[in-house]
Amino acid sequence: MKVDVVMPKLGESITEGTVVKWWKQPGDFVKKDETLLEISTDKVDSEIPSPFEGVVVELKAAENDVVQVDSVIAVIDSEADGAAAAAAPAAEAPAAPAPAPAAEAPAPAAAPAPAANGGGVADVEMPKLGESITEGTIVKWWKKVGDTVKKDETLLEISTDKVDSEIPSPFEGTITEILFNENDVVEVGSIIARLQTGDAAAVSAPAAAAPAPAATAAPAPAAAPAAAPAGGGSSVVPREQGGKFFSPLVRSIARKENVTAEELHNIPGSGLGGRVTKHDILGYLEGGRVAPAAAPAAQPAAAPASAPTAAPTPPPAPQPMTAAAPAPEEIAAKYEGQRVDILPMDAIRKKIADHMVMSKHTSPHVYGVAEVDFTHALSLVKKHRPAFKERDDLKLTVNPMILYSVAKAITEFPDINSSIEGHTVIRKRSVNLGMAVATDRGLIVPTLKNADEMNFKGVARNAFDLAIRARDKKLALADVQGATFTVTNYGVFGNVIGFPIINQPNVAILGVGAIKKRPVVIETESGDMIGIRSIGYMTLSYDHRLVDGELGDRFLQRVVHYLQNFEESWL
């Protein structure tokens, strides 16, 4: 059956993408989840895995073409995989082709029915909502088994540590099976539902018959593992191994670069829970691949002569050990008979908890505290608030002043706008400010993109828009990605001081405390005096791997300087 591949939707605000490179050409066989093409948008470049397995029949968009989301960009013959599988054994074992047609002979009898109707069973996978997102929680199924769903109609709602998203159906048809329940945590790429895209009469027969030919073809792949020991391990990269999950992008790179499953498993991961990211595997390849464990075993005879002078190869860096979470039954038994409420964490709270633990494990936190006199800034707010409300329908507060001052200070201290990968510093040229926003679902951190390129009005307007959409659950995935520095305002609840945890992969986070009137010493040319001033405290938590005390203190004092000397012409 020929199936259409459409330009994927990589974010709510993204409506088109540019085809950078086709990794497959017409006539090529492509496996499901194997990289099919590379797409570039104004937000990110992404390698797109094939949603189907089969032979590429037609490419409807050329490289460098700008294509609208949901437009058909390729056609794949999903029934051609049988022919491709039969061709491989033919080259190695002449006797193999004979059984293959026999095993496939019954299939054509059943196949014409769904083909005539343009029907078939289609798998719906847990979508990949961002490179750093490897799993999501099913919040709600909008359709149930037996319901008919149109293409692009909302099928389910998914929650990740970044954002909640309503997922449209990639196909039109009738739901025949739902494989996960609400509140289940599902890994990206897992099949979550199946749809009958044609007449329901042909659903069960082809589905049951399909596995039979696969069983007869199973002996053929035995030739592939035979070559694997020479490379030191299996070249088949599983979706999950030893408790580690590997994304389609990572597995695609591993296949292309002939990285074995054993090598991939030993790469230290910098992602959530120690997962291997794209940057991890590329860094591994660029830094020189470590010989597989099986390779040194072939040289014990020569070892004694050279052992005294040869430096031993260091073992892979150990993965952080985290205590396994006790089962709900164990917790219930532990507190049985006691006056306690046992409340399981929701999906967002779990993600926040894991992210905070990972951040404390990753970054050695150091803290700095500065006193800020907000009297001048607050006087400007009071003076210009009516004009802002009338002209821009925007309530002026001190918060955009803080964001604007932070952006200006970062341009003078660019190292504070970095991330760390291994022993490499990635200095970001764009200042993207993460803004911690408290919602009824937990803490959300939307990102104010390119804040260094905005004037004050632009910062104020965009920050207000992001905060409102965060509380209204209307953020797109792109709105919560790409922060290079984070600001959190715990002072809105009246707290004077706090020490926030760094929002990875940032190297610093600024915390703002409550502003209160206090008596302070004011130095003047005629002498010191006591005055009432609006005083607040700001704290800077920074990663001591990169940010030393001098850099952290000078940056923090620069933010203080801009706030205490905020120019009226900036408003």
Practice task
Establish, yes or no, whether the cationic atom of Lys140 lies under 6.0 Å from the six-membered ring centre of Trp142 and within 45° of the ring axis.
Solution key: yes
Problem - Flag if over 12 foreign heavy atoms under 6.0 Å of CZ, Arg349 - result: no
Exercise for the section: Identify the two heavy atoms, one from Gln481 and one from Thr447, that lie closest to each other, and give their separation to 0.1 Å. Expected result: O-OG1, 3.4 Å
Handout entry: Distance (rounded to the nearest 0.5 Å) between Asp147 CG and Leu155 CG
Key = 10.0 Å
Handout entry: Check: Ile167 and Thr154 side chains under 4.5 Å, non-hydrogen atoms
Key = no
Exercise for the section: Flag yes if more than 12 heavy atoms outside Glu390 fall under 6.0 Å of its CD atom; otherwise flag no. Expected result: no
Problem - CG on Asp70 to NZ on Lys151, rounded to 0.5 Å - result: 6.5 Å
Problem - Enclosure of Phe499 CZ (heavy-atom neighbours >12, cutoff 6.0 Å) - result: yes
Exercise for the section: Carefully, step by step, assess Ser169 and Glu153 under the rule side chain to side chain donor-acceptor pair (under 3.5 Å). Expected result: CA-CA 6 Å; Ser169 174; Glu153 185 181 2; over 6 Å; no
Problem - Carboxylate-amine/guanidinium contact Glu550 Arg554, below 4.0 Å - result: yes
Handout entry: SB check Asp393 Lys389 (cutoff 4.0 Å)
Key = yes
Handout entry: Worked verdict on Thr411 versus Asp452 for side chain to side chain donor-acceptor pair (under 3.5 Å)
Key = CA-CA 7 Å; Thr411 61; Asp452 55 321; over 6 Å; no
Handout entry: Ring-face cation of Lys457 near Trp570 (centre distance under 6.0 Å, axis angle within 45°)
Key = no
Handout entry: Residue pair Val487 / Met435, side-chain heavy-atom distance below 4.5 Å
Key = no
Handout entry: Beyond-backbone contact of Met538 with Val369, side-chain heavy atoms, under 4.5 angstrom
Key = no
Exercise for the section: Any chance you could measure Ile501, atom CD1, to Met356, atom CE, to the nearest 0.5 Å? Expected result: 5.5 Å
Handout entry: Mutual orientation of the aromatic rings belonging to Tyr367 and His365 [parallel < 30°, tilted 30-60°, perpendicular > 60°]
Key = tilted
Exercise for the section: Examine Arg391 relative to Phe388 and say whether NZ or CZ is less than 6.0 Å from the centre of the six-membered ring and inside a 45° cone about the ring axis. Expected result: yes
Completion exercise
Heavy atoms of Pro326 and Glu330 approach each other most closely as CB-OE1, 3.8 Å
Handout entry: Cation-pi geometry met for Lys21 and Trp23 (6.0 Å, 45°)
Key = yes
Exercise for the section: Of all the heavy-atom pairs spanning Ala436 and Thr488, show the shortest one and how long it is. Expected result: CB-OG1, 3.5 Å
Handout entry: Interatomic spacing from NZ in Lys350 to CE in Met345 - rounded to 0.5 Å
Key = 9.0 Å
Handout entry: Distance, nearest 0.5 Å, that separates CD1 of Ile253 from CG of Leu282
Key = 4.5 Å
Fill in the blank from the handout: When rounded to the nearest 0.5 Å, the distance separating CG of Asp373 from CD1 of Ile535 is 4.0 Å
